[in-house]
Amino acid sequence: NAGVTQTPKFQVLKTGQSMTLQCAQDMNHNSMYWYRQDPGMGLRLIYYSASEGTTDKGEVPNGYNVSRLNKREFSLRLESAAPSQTSVYFCASSELTGRTGELFFGEGSRLTVL
Amino acid sequence: GENVEQHPSTLSVQEGDSAVIKCTYSDSASNYFPWYKQELGKGPQLIIDIRSNVGEKKDQRIAVTLNKTAKHFSLHITETQPEDSAVYFCAASIQGVGGTSYGKLTFGQGTILTVHP
(Lines give C-alpha, C1' and ligand atoms only; values in the text may rest on other atoms or scores of the structure.)
Protein backbone atom coordinates (compact mmCIF):
# COMPACT_ATOMS: atom_id res chain seq x y z
CA ASN A 1 0.00 0.00 0.00
CA ALA A 2 2.45 2.66 -1.26
CA GLY A 3 0.16 5.75 -1.35
CA VAL A 4 2.16 8.68 -2.78
CA THR A 5 5.72 7.95 -3.90
CA GLN A 6 8.27 10.66 -4.67
CA THR A 7 11.68 10.35 -6.29
CA PRO A 8 14.40 11.28 -5.65
CA LYS A 9 14.39 11.74 -1.86
CA PHE A 10 17.54 13.88 -1.92
CA GLN A 11 19.22 15.90 -4.66
CA VAL A 12 22.02 18.45 -4.82
CA LEU A 13 22.17 20.73 -7.87
CA LYS A 14 24.38 23.54 -9.03
CA THR A 15 22.83 26.86 -9.99
CA GLY A 16 21.51 26.68 -13.55
CA GLN A 17 21.13 22.90 -13.68
CA SER A 18 17.78 21.34 -14.44
CA MET A 19 15.99 18.40 -12.87
CA THR A 20 12.60 16.72 -12.59
CA LEU A 21 10.91 15.51 -9.41
CA GLN A 22 8.69 12.52 -9.99
CA CYS A 23 5.48 11.70 -8.14
CA ALA A 24 3.11 8.74 -8.46
CA GLN A 25 0.00 7.78 -6.50
CA ASP A 26 -1.80 4.45 -6.42
CA MET A 27 -5.07 5.57 -4.80
CA ASN A 28 -6.88 6.41 -8.06
CA HIS A 29 -7.15 10.05 -6.99
CA ASN A 30 -8.12 12.66 -9.53
CA SER A 31 -6.24 15.63 -8.07
CA MET A 32 -2.51 16.05 -7.49
CA TYR A 33 -0.43 18.88 -6.03
CA TRP A 34 3.12 20.08 -5.53
CA TYR A 35 3.96 22.03 -2.38
CA ARG A 36 7.26 23.37 -1.10
CA GLN A 37 8.12 23.62 2.59
CA ASP A 38 10.51 26.23 3.92
CA PRO A 39 11.37 26.93 7.58
CA GLY A 40 8.95 29.36 9.20
CA MET A 41 6.74 29.54 6.10
CA GLY A 42 4.64 26.41 6.24
CA LEU A 43 3.79 24.71 2.96
CA ARG A 44 3.10 26.73 -0.17
CA LEU A 45 1.32 25.46 -3.27
CA ILE A 46 3.43 25.53 -6.44
CA TYR A 47 1.14 23.88 -9.02
CA TYR A 48 -1.83 21.58 -8.97
CA SER A 49 -3.76 19.34 -11.32
CA ALA A 50 -7.46 19.09 -10.48
CA SER A 51 -7.91 16.22 -12.91
CA GLU A 52 -6.01 14.40 -15.63
CA GLY A 53 -5.28 16.76 -18.50
CA THR A 54 -5.41 19.98 -16.49
CA THR A 55 -2.78 21.95 -14.59
CA ASP A 56 -2.94 25.31 -12.84
CA LYS A 57 -0.62 27.65 -11.00
CA GLY A 58 -0.61 27.87 -7.26
CA GLU A 59 0.83 30.50 -4.97
CA VAL A 60 4.52 30.24 -5.99
CA PRO A 61 4.80 28.89 -9.58
CA ASN A 62 7.73 30.98 -10.88
CA GLY A 63 10.71 28.88 -11.93
CA TYR A 64 8.73 25.63 -12.14
CA ASN A 65 6.84 23.63 -14.74
CA VAL A 66 4.64 20.59 -14.28
CA SER A 67 3.34 17.70 -16.35
CA ARG A 68 0.36 15.50 -15.54
CA LEU A 69 1.61 12.45 -17.39
CA ASN A 70 -1.47 10.32 -16.64
CA LYS A 71 -3.90 9.88 -13.76
CA ARG A 72 -1.18 8.38 -11.53
CA GLU A 73 1.82 10.61 -12.24
CA PHE A 74 2.54 14.32 -11.76
CA SER A 75 6.06 15.66 -12.27
CA LEU A 76 7.68 18.96 -11.27
CA ARG A 77 10.51 20.39 -13.36
CA LEU A 78 13.08 23.02 -12.49
CA GLU A 79 14.50 24.28 -15.79
CA SER A 80 17.30 26.43 -14.34
CA ALA A 81 17.72 25.86 -10.62
CA ALA A 82 18.39 28.81 -8.31
CA PRO A 83 19.52 28.82 -4.64
CA SER A 84 16.06 30.21 -3.72
CA GLN A 85 14.62 26.87 -4.81
CA THR A 86 16.45 25.04 -2.03
CA SER A 87 13.54 23.47 -0.17
CA VAL A 88 11.68 20.30 0.69
CA TYR A 89 9.14 19.45 -1.97
CA PHE A 90 5.99 17.48 -1.25
CA CYS A 91 3.65 15.87 -3.71
CA ALA A 92 0.07 15.19 -2.59
CA SER A 93 -3.12 13.76 -3.98
CA SER A 94 -6.82 13.91 -3.17
CA GLU A 95 -10.22 13.09 -4.48
CA LEU A 96 -11.75 15.81 -6.68
CA THR A 97 -15.12 15.20 -5.16
CA GLY A 98 -15.93 13.64 -1.84
CA ARG A 99 -16.99 14.18 1.70
CA THR A 100 -13.54 15.21 2.86
CA GLY A 101 -10.78 17.34 1.45
CA GLU A 102 -7.99 15.16 2.83
CA LEU A 103 -4.62 15.47 1.14
CA PHE A 104 -2.33 12.44 1.10
CA PHE A 105 1.31 13.49 1.07
CA GLY A 106 4.45 11.75 -0.04
CA GLU A 107 7.52 11.70 2.19
CA GLY A 108 9.17 14.63 0.47
CA SER A 109 12.15 15.38 -1.75
CA ARG A 110 14.91 17.49 -0.21
CA LEU A 111 16.57 19.69 -2.85
CA THR A 112 19.70 21.77 -2.30
CA VAL A 113 20.84 24.25 -4.96
CA LEU A 114 24.42 25.46 -4.57
CA GLY B 1 -5.39 35.83 -1.39
CA GLU B 2 -5.85 33.95 1.85
CA ASN B 3 -3.38 34.47 4.69
CA VAL B 4 -3.16 32.12 7.68
CA GLU B 5 -1.26 33.07 10.82
CA GLN B 6 -0.38 30.34 13.37
CA HIS B 7 0.81 30.70 16.97
CA PRO B 8 2.86 29.75 18.84
CA SER B 9 5.79 28.66 16.68
CA THR B 10 7.04 26.34 19.43
CA LEU B 11 5.19 24.77 22.35
CA SER B 12 6.66 22.67 25.12
CA VAL B 13 4.43 20.79 27.59
CA GLN B 14 4.70 18.04 30.16
CA GLU B 15 3.12 14.68 29.47
CA GLY B 16 -0.51 14.75 30.54
CA ASP B 17 -0.90 18.51 30.09
CA SER B 18 -3.09 20.11 27.43
CA ALA B 19 -1.77 21.91 24.35
CA VAL B 20 -3.52 24.63 22.37
CA ILE B 21 -2.49 25.98 18.97
CA LYS B 22 -4.26 28.95 17.44
CA CYS B 23 -4.73 30.16 13.87
CA THR B 24 -6.34 33.16 12.25
CA TYR B 25 -7.37 33.51 8.61
CA SER B 26 -8.09 36.53 6.45
CA ASP B 27 -10.54 35.41 3.75
CA SER B 28 -14.11 35.25 5.04
CA ALA B 29 -14.98 32.96 2.10
CA SER B 30 -12.81 30.16 3.52
CA ASN B 31 -15.01 27.32 4.72
CA TYR B 32 -12.75 24.33 5.32
CA PHE B 33 -10.11 24.19 8.05
CA PRO B 34 -7.93 21.08 8.40
CA TRP B 35 -5.09 20.35 10.81
CA TYR B 36 -2.08 18.30 9.73
CA LYS B 37 0.57 16.59 11.83
CA GLN B 38 4.07 16.12 10.45
CA GLU B 39 6.48 13.71 12.09
CA LEU B 40 10.20 13.95 11.48
CA GLY B 41 11.14 12.90 7.96
CA LYS B 42 7.53 12.31 6.93
CA GLY B 43 4.88 14.14 4.96
CA PRO B 44 2.00 15.88 6.76
CA GLN B 45 -0.98 13.76 7.73
CA LEU B 46 -4.53 14.95 8.35
CA ILE B 47 -5.59 14.59 11.99
CA ILE B 48 -8.86 16.52 12.11
CA ASP B 49 -10.81 19.02 10.06
CA ILE B 50 -13.81 21.31 10.49
CA ARG B 51 -16.19 23.05 8.15
CA SER B 52 -17.63 26.52 8.62
CA ASN B 53 -21.12 25.23 9.45
CA VAL B 54 -19.78 23.60 12.64
CA GLY B 55 -18.38 25.34 15.71
CA GLU B 56 -16.54 22.43 17.32
CA LYS B 57 -15.44 18.93 16.48
CA LYS B 58 -13.84 16.27 18.68
CA ASP B 59 -11.98 13.06 18.00
CA GLN B 60 -10.77 11.32 21.16
CA ARG B 61 -8.02 13.54 22.64
CA ILE B 62 -8.07 16.19 19.94
CA ALA B 63 -10.65 18.88 19.26
CA VAL B 64 -10.92 21.86 16.96
CA THR B 65 -12.99 25.00 17.55
CA LEU B 66 -13.96 27.59 14.97
CA ASN B 67 -15.07 31.21 15.45
CA LYS B 68 -16.22 32.48 12.06
CA THR B 69 -16.95 35.97 13.31
CA ALA B 70 -13.42 36.44 14.62
CA LYS B 71 -11.93 34.34 11.81
CA HIS B 72 -9.90 32.11 14.06
CA PHE B 73 -9.74 28.42 14.85
CA SER B 74 -7.83 26.38 17.39
CA LEU B 75 -6.51 22.86 17.96
CA HIS B 76 -6.78 21.40 21.45
CA ILE B 77 -4.88 18.29 22.49
CA THR B 78 -5.69 16.89 25.92
CA GLU B 79 -3.69 14.40 27.99
CA THR B 80 -0.65 14.86 25.77
CA GLN B 81 1.72 11.95 25.21
CA PRO B 82 5.32 11.86 23.95
CA GLU B 83 4.10 10.50 20.61
CA ASP B 84 2.16 13.74 20.11
CA SER B 85 5.53 15.47 19.61
CA ALA B 86 5.57 16.70 16.00
CA VAL B 87 5.01 19.78 13.84
CA TYR B 88 1.37 20.80 13.52
CA PHE B 89 -0.01 22.87 10.66
CA CYS B 90 -3.36 24.58 10.36
CA ALA B 91 -4.74 25.38 6.93
CA ALA B 92 -7.70 27.01 5.22
CA SER B 93 -9.39 26.65 1.87
CA ILE B 94 -12.61 27.26 0.00
CA GLN B 95 -14.56 24.14 -0.84
CA GLY B 96 -16.95 24.22 -3.77
CA VAL B 97 -20.69 23.80 -3.67
CA GLY B 98 -21.93 20.21 -3.67
CA GLY B 99 -19.15 18.74 -1.59
CA THR B 100 -16.38 19.09 -4.13
CA SER B 101 -13.06 19.32 -2.41
CA TYR B 102 -9.90 21.06 -3.46
CA GLY B 103 -6.41 20.69 -2.04
CA LYS B 104 -5.57 24.32 -2.66
CA LEU B 105 -4.76 24.84 0.98
CA THR B 106 -3.16 27.90 2.53
CA PHE B 107 -1.06 26.67 5.44
CA GLY B 108 -0.01 28.37 8.63
CA GLN B 109 3.68 28.56 9.54
CA GLY B 110 3.61 25.48 11.77
CA THR B 111 3.99 24.77 15.50
CA ILE B 112 6.69 22.50 16.87
CA LEU B 113 5.10 20.65 19.80
CA THR B 114 7.37 18.88 22.26
CA VAL B 115 5.85 16.68 24.96
CA HIS B 116 8.30 15.89 27.78
CA PRO B 117 7.87 12.56 29.61
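Side chains included, hydrogens not; waters and symmetry mates left out as well; all remaining heavy atoms used. It should be emphasised that the depicted structure is a prediction, and the values quoted were computed from it without experimental measurement.
- Proximity to chain B is limited to the side chain of A:Gln37, based on heavy atoms less than 4.5 angstrom apart.
- To the nearest 0.5 angstrom, B:Leu105 atom CG is 12.0 Å from A:Tyr48 atom OH.
- Atom CD of B:Gln38 sits about 6.5 Å away from atom CG of A:Leu43, to the nearest 0.5 Å.
- Within 6.0 Å of the CG atom in B:Leu40, the count of heavy atoms belonging to other residues, nucleotides or ligands does not exceed 12.
- Counting heavy-atom neighbours within 6.0 Å of A:Arg44 CZ, excluding the residue itself, gives a total above 12.
- In B:Glu83, the CD atom is crowded: over 12 heavy atoms of neighbouring residues, nucleotides or ligands sit closer than 6.0 Å.
- The part of A:Leu45 that comes within reach of chain B is its side chain, from C-beta onward, which places non-hydrogen atoms under 4.5 angstrom from that chain.
- Using a distance-only test at 3.5 Å, with no hydrogens or angles considered, a donor-acceptor pair links the side chain of B:Tyr36 to the main chain of A:Leu103.
- For the atom pair OG1 (B:Thr106) and CD (A:Glu59), the distance works out to 6.0 Å, reported to the nearest 0.5 Å.
- A 6.0 Å sphere centred on CD of B:Glu15 holds more than 12 heavy atoms belonging to other residues, nucleotides or ligands.
- Across B:Gly108, B:Gly110, B:Gly41, B:Pro44, the residue that shares the most heavy-atom pairs under 4.5 angstrom with chain A is B:Pro44.
- Taken to the nearest 0.5 Å, the CD atom of B:Gln45 stands 7.5 Å off from the CD atom of A:Glu102.
- Between the OG atom of A:Ser31 and the NZ atom of B:Lys104 there is a distance of 11.0 Å, given to the nearest 0.5 Å.
- Using a 4.5 Å cut-off between heavy atoms, A:Tyr35 contacts chain B through its side chain alone, with no backbone atom that close.
- Heavy-atom distances place no part of B:Gln6 under 4.5 Å from chain A, backbone and side chain included.
- Note on B:Val13 and B:Ile62: same hydrophobic cluster, where clusters join Ile, Leu, Val, Met, Phe, Trp and Tyr whose side-chain heavy atoms are under 4.5 Å apart, directly or indirectly.
- In terms of hydrophobic clustering, with Ile, Leu, Val, Met, Phe, Trp and Tyr side chains grouped at heavy-atom distances under 4.5 Å, B:Leu66 and B:Ile21 are assigned to a common cluster.
- Using a 4.5 Å cut-off between side-chain heavy atoms of Ile, Leu, Val, Met, Phe, Trp and Tyr, with links allowed through other members, B:Val20 and B:Leu11 fall into different hydrophobic clusters.
- In A:Lys71, the NZ atom is crowded: over 12 heavy atoms of neighbouring residues, nucleotides or ligands sit closer than 6.0 Å.
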